[in-house]
Each structure stands twice: as C-alpha cells, then as structure tokens.
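Positions are given from 1 along the sequence.
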Amino acid sequence: MHHCQGHRPTYVEIDLAALQHNFRQARHQAGDGCALLAVVKADAYGHGADRIAPALQQAGADLFGVAMVEEGVELRRVGVNRPILVLGGVYPGQEPDILANQLVPVIFDLETAYRLNTLALAEGRKLSYHLKVDSGMGRLGFRAEELPATLTALAALPGLAMDGLISHLAVADDPTHPLTAEQVRLFREALRLVRAAGFTPRHIHLSNSAALFSQQFPECNLVRPGIVLYGGLPAPDFAGRLDLQSVMSFRTAVAQLKDIPAGTGVSYGHRFIAERPTRLAAIPVGYADGYSRHLSNVGEVLIRGQRAPVAGTVCMDWTLIDVTDIPCVEVGDEVTLLGRDNGQVITAEEWAQRIDTINYEVFCQISKRVPRVYLGG
Ligand SMILES: *Cc1c(COP(=O)(O)O)cnc(C)c1O
C-alpha cells in the first residue's frame with residue numbers, strides 16, 4: 001500500500017489517463033466546430049476539481065461548467081484560464097466574485113440580472129452571461145411566455161452582454177421520449193425570439209452527456225458533458241455503446257480478521273447471523289466515507305480478485321466482509337470497493353443499482369475525508 005504510508009489505507013484512486021481518454025471520446029463525438037464545456041461541478045463529481053479541471057484544460061476543454069460561484073473561484077485558484085460558466089445561481093453578495101474572477105453567470109431571473117448590471121456599470125465593465133430558458137425541465141429558466149418581456153428588460157441593461165443561450169433536457173437519457181422533441185421546438189423558438197430582439201449569443205447549447213451521445217441539434221455549437229468524462233454511463237442502456245474508462249477506484253485494506261462460529265451475530269442490530277463457521281474481515285471504511293449504509297448485507301467488494309459480501313450493518317467508520325470463501329486473506333490485503341482488481345470489476349453502475357440510485361450519486365457521495373490519489377496524466 002505504497003500510496004498510504006502513514007495514513008489510514010482508505011483512499012480514492014483517480015486515473016488521469018482514463019479521464020483524458022474519455023475527454024477524447026466526447027471531443028470526437030461533439031465533432032469539429034462544436035465547443036466542449038467540461039462540467040466539473042460538485043468537485044468534479046467527487047473526483048477533485050483542483051486536479052481534474054487543470055487536466056481537462058490541458059486535454060483541450062474549451063470552457064468549464066460549475067454549479068456555484070464558490071466552485072468557479074476555486075477553478076481560478078488552481079490555474080483554469082478558460083471561460084467558466086456558473087450553471088447555478090449568483091446569490092446576493094456574490095456579484096463581486098463573478099466580476100473579479102471573470103466568471104460567466106447563467107441568468108434565470110431578472111433580479112440577478114439587475115444586481116450584476118449595477119456592479120458591472122459601477123466598474124465600467126460589460127459582463128457576459130448566458131440566458132437560461134426552461135424548455136421543459138421545469139427547474140430553472142424563463143418559460144416561453146415570459147421571454148418577450150424578459151428580453152425587453154435585458155436589452156435595457158447596458159452592463160450585460162448575452163453571450164449564450166442555454167436550456168437543459170429532462171429525458172435526454174431516453175431518446176424515444178417525445179418530450180425532447182418538444183423541448184427542442186421550444187428552444188428553437190426561444191432562439192428565434194432572442195435573435196429577433198437584437199441579441200447575438202455566441203454559444204447555443206442543450207446537450208448533457210446523454211444527449212451528446214444520442215442526438216444531434218444543428219442549431220447548437222456547444223455541448224456540456226459531465227458524467228462521461230468520469231467514465232460513467234449517462235443511463236444503463238448506454239452499456240456497451242460507449243468507449244469509456246472508469247476514472248475512480250475506491251480502495252481500502254483489511255484491518256482485522258476473525259473467525260466466528262455458526263450462529264454468531266455481528267455489527268449493529270445483529271442483522272447478519274453467521275450460518276456456518278465464518279471468517280470476517282473488518283475494513284476501515286463506513287458511511288462517513290460515503291460507503292452507503294444501504295450497502296448493509298447488500299454490497300460486495302473485491303479481495304484478491306474475488307467477490308466478498310458485506311456482512312451486517314455498515315457502520316460510520318467500519319464495515320465487515322465475509323471472506324470465508326476466499327483462501328489466505330491476510331491483514332493488509334487490498335480491498336476494492338469500486339473499480340478493478342485482477343480482472344474483476346465493481347462499477348459505479350452496479351453499486352448504484354444495489355442501493356437504488358444512480359452512478360452520479362455514488363461518485364458524489366464519497367466524502368472529503370477520503371484522500372484522492374492521482375495517477376497518470
Ligand atoms: C450537470 C449538468 C450537465 C452535465 O450532465 P451529465 O449528465 O453529467 O453529462 C449539463 N448541463 C447542466 C445544466 C448540468 O447541470
């Protein structure tokens with residue numbers, strides 16, 4: 001465990017060469033003349049934005065997308081010099097950070113536009129923004145019927161310049177769903193209104209990863225992939241269709257072994273009772289690390305290239321594994337919670353399915369107390 005000398009042996013391994021491979025797939029899929037905005041919100045989906053964003057910048061990402069102003073400021077701090085789009089909101093008091101860090105806000109309410117306009121004028125600047133339209137996601141953005149009045153209001157703000165038009169798809173992971181066609185229709189109508197009102201947005205964009213790998217929108221010239229950069233499938237039915245490499249592995253090591261007789265109960269609530277003489281391995285990882293408590297009696301890990309089940313309740317800092325069927329397990333043996341080990345693999349998709357969520361949440365859940373170790377790149 002050379003990565004972990006002097007540390008608890010629980011860590012996340014990030015493969016920057018795999019990240020670059022995935023980036024190239026997204027770039028190829030986007031095609032010539034289409035800009036690529038790499039979505040690195042939520043600490044690059046738990047992969048560590050301070051290392052992921054510079055690596056993607058080196059790989060050739062044209063822009064970056066974050067959810068929060070704070071995340072954009074962090075990207076500047078680690079040397080990102082490309083445009084950074086703040087997909088989430090700009091809250092009162094955050095306007096100076098937008099201007100000082102040359103962040104590009106997505107505007108979805110007029111109050112924010114007024115505040116940003118005031119500060120931009122006070123500083124003698126013209127601030128670029130992207131306008132968000134709600135074409136059917138029902139979350140953020142101006143609805144079609146609000147657009148004419150909104151555009152009139154925005155046209156009267158000399159401190160702001162519309163540089164992009166953005167909307168977000170609700171069912172991009174299901175190419176047959178009729179909602180997408182309706183969203184595209186509304187987006188095109190919004191684009192027509194925006195141009196008729198005299199705006200000339202440079203970036204026109206709709207596509208997340210699922211849309212990038214399943215649809216084409218001729219009016220768009222920018223795509224916003226996130227999950228595929230990290231090697232995650234946008235939805236289970238993309239399995240076998242994309243050439244992606246998983247970037248994250250999550251590992252720990254056996255801390256203690258013990259043999260218990262049949263009939264012995266283990267961990268909180270004794271939700272596991274040994275049916276046979278059983279060898280247990282205690283591993284120093286728990287729900288405080290993002291090893292979800294829903295994996296109690298359900299999860300599987302890899303030891304010596306073989307699968308072993310979680311025995312009983314996952315605790316805050318500890319989990320017990322039934323290693324009875326794996327010969328010769330020793331204290332210190334590597335345990336893989338997510339990723340590859342000797343030809344076997346536990347994917348984020350498998351993990352997500354076991355606990356009824358999606359791979360995105362599996363990645364984001366791995367907590368900050370787990371150190372990230374970077375390989376390759
Ligand atoms: C998170 C996000 C994306 C990226 O989505 P993926 O499914 O990870 O590709 C794109 N656009 C917006 C607005 C987002 O919030």
Side-chain angles (χ1 to χ4, degrees), residues 1-4 7-15 46 231-232 239 246-357 359 361-363 365-367 369-371 373:
M1 302 298 295
H2 59 282
H3 302 314
C4 305
H7 298 278
R8 184 177 69 145
T10 303
Y11 65 99
V12 160
E13 200 177 273
I14 302 292
D15 183 347
S246 56
V247 174
M248 182 188 285
S249 303
F250 188 9
R251 302 191 205 276
T252 185
V254 174
Q256 188 170 50
L257 287 165
K258 79 178 54 178
D259 294 298
I260 57 171
T264 308
V266 303
S267 192
Y268 289 120
H270 276 195
R271 288 163 64 194
F272 176 89
I273 312 277
E275 286 174 359
R276 55 178 178 167
T278 295
R279 170 159 282 197
L280 293 174
I283 55 174
V285 64
Y287 60 79
D289 301 299
Y291 198 68
S292 170
R293 196 166 172 278
H294 294 296
L295 291 163
S296 301
N297 276 332
V298 168
E300 289 186 354
V301 304
L302 303 176
I303 304 181
R304 297 187 173 227
Q306 294 184 59
R307 285 177 177 261
V310 171
T313 305
V314 172
C315 308
M316 187 181 290
D317 311 301
W318 291 98
T319 299
L320 297 166
I321 304 298
D322 182 348
V323 294
T324 314
D325 294 328
I326 306 179
C328 311
V329 172
E330 290 172 23
V331 168
D333 276 2
E334 183 174 78
V335 178
T336 298
L337 310 163
L338 176 69
R340 282 181 190 286
D341 174 29
N342 286 294
Q344 279 277 339
V345 63
I346 293 181
T347 63
E349 288 77 18
E350 173 193 329
W351 177 334
Q353 196 183 8
R354 284 184 192 279
I355 64 171
D356 195 24
T357 184
N359 50 0
E361 189 176 13
V362 169
F363 292 142
Q365 250 173 14
I366 298 178
S367 61
R369 82 172 185 180
V370 180
V373 175

Fill in: Validation row: Thr336, Ile346 side chains within 4.5 angstrom (heavy atoms)
no

Worksheet item: Under 3.5 Å, is there a donor-acceptor pair between the side chain of Thr10 and the main chain of Pro284?
Response: yes

Fill in: Smallest separation among heavy atoms of Glu334 and Tyr11, with atom names
OE2-OH, 3.6 Å

Discussion item. If you define the side chain from C-beta out and look only at heavy atoms, does anything of Ser292 sit under 4.5 Å from Glu361?
Written reply: no

Worksheet item: Would you say Thr319's side chain and Ile283's backbone share a donor-acceptor pair under 3.5 angstrom?
Response: no

Worksheet item: Tell me, do Asp289 and Thr252 make a side-chain contact under 4.5 Å, heavy atoms counted?
Response: no

Worksheet item: Just wondering, do Pro327 and Gln306 contact through their side chains at under 4.5 Å, heavy atoms?
Response: yes

Discussion item. If the test is side-chain hydrogen bond (donor to acceptor under 3.5 Å, both in side chains), which one of Asp259, Thr324, Asp322 qualifies with Arg279?
Written reply: Asp259

Discussion item. Quick check: closest heavy atoms across Ala274 and Pro261, and the distance to 0.1 Å?
Written reply: CB-O, 4.0 Å

Worksheet entry | Sub-4.5 Å side-chain heavy-atom contact between Arg307 and Val301 | no

Worksheet item: What is the minimum heavy-atom distance between His270 and Gly265, and which atoms define it?
Response: NE2-O, 3.3 Å

Worksheet entry | Heavy-atom pair with the smallest gap, counting every atom of Val323 and Ala308 | CG1-CB, 4.3 Å

Worksheet item: Do Val362 and Phe250 come close enough that some side-chain heavy atom pair is under 4.5 Å?
Response: no

Practice prompt. With rounding to the nearest 0.5 Å, note down the distance linking CD1 in Ile355 to CZ in Arg293.
Written response: 13.0 Å

Worksheet item: Between Asn359 and Ala352, which heavy-atom pair has the shortest distance, and what is it?
Response: N-CB, 3.5 Å

Worksheet item: Does Tyr268 reach the side chain of Cys315, with side-chain heavy atoms less than 4.5 Å apart?
Response: yes

Worksheet item: Would you find more than 12 non-hydrogen atoms of other residues, nucleotides or ligands less than 6.0 Å from Arg340 atom CZ?
Response: no

Fill in: Approximate separation, where rounding is to 0.5 Å, of Ile260 CD1 and Arg276 CZ
10.5 Å

Discussion item. Could you check whether any side-chain N or O of Asn297 sits under 3.5 Å from a backbone N or O of Ala311, counting only pairs where one atom can act as donor and the other as acceptor?
Written reply: no

Worksheet item: Can the ring centres of Phe363 and Trp351 be said to be less than 6.0 Å apart?
Response: no

Discussion item. Quick check: do Gln344 and Arg304 have side-chain heavy atoms less than 4.5 Å from each other?
Written reply: no

Practice prompt. Quick one: pull up CG in Leu337 and CE in Met248 and give me the separation to the nearest 0.5 Å.
Written response: 11.5 Å

Worksheet item: Leu338 and Ala348: which non-hydrogen atoms are nearest, and at how many Å?
Response: CD1-N, 3.4 Å

Worksheet item: Does CD belonging to Gln353 count more than 12 external heavy atoms closer than 6.0 Å?
Response: no

Practice prompt. Any chance you could lay out the side-chain contact (heavy atoms from CB on, under 4.5 Å) test for Val310 and Ile321, step after step, and finish with the verdict?
Written response: CA-CA 5 Å; Val310 171; Ile321 304 298; 4.0 Å; yes

Worksheet item: Any sub-3.5 Å donor-acceptor pair from Arg354's side-chain atoms to Val298's backbone N or O?
Response: yes

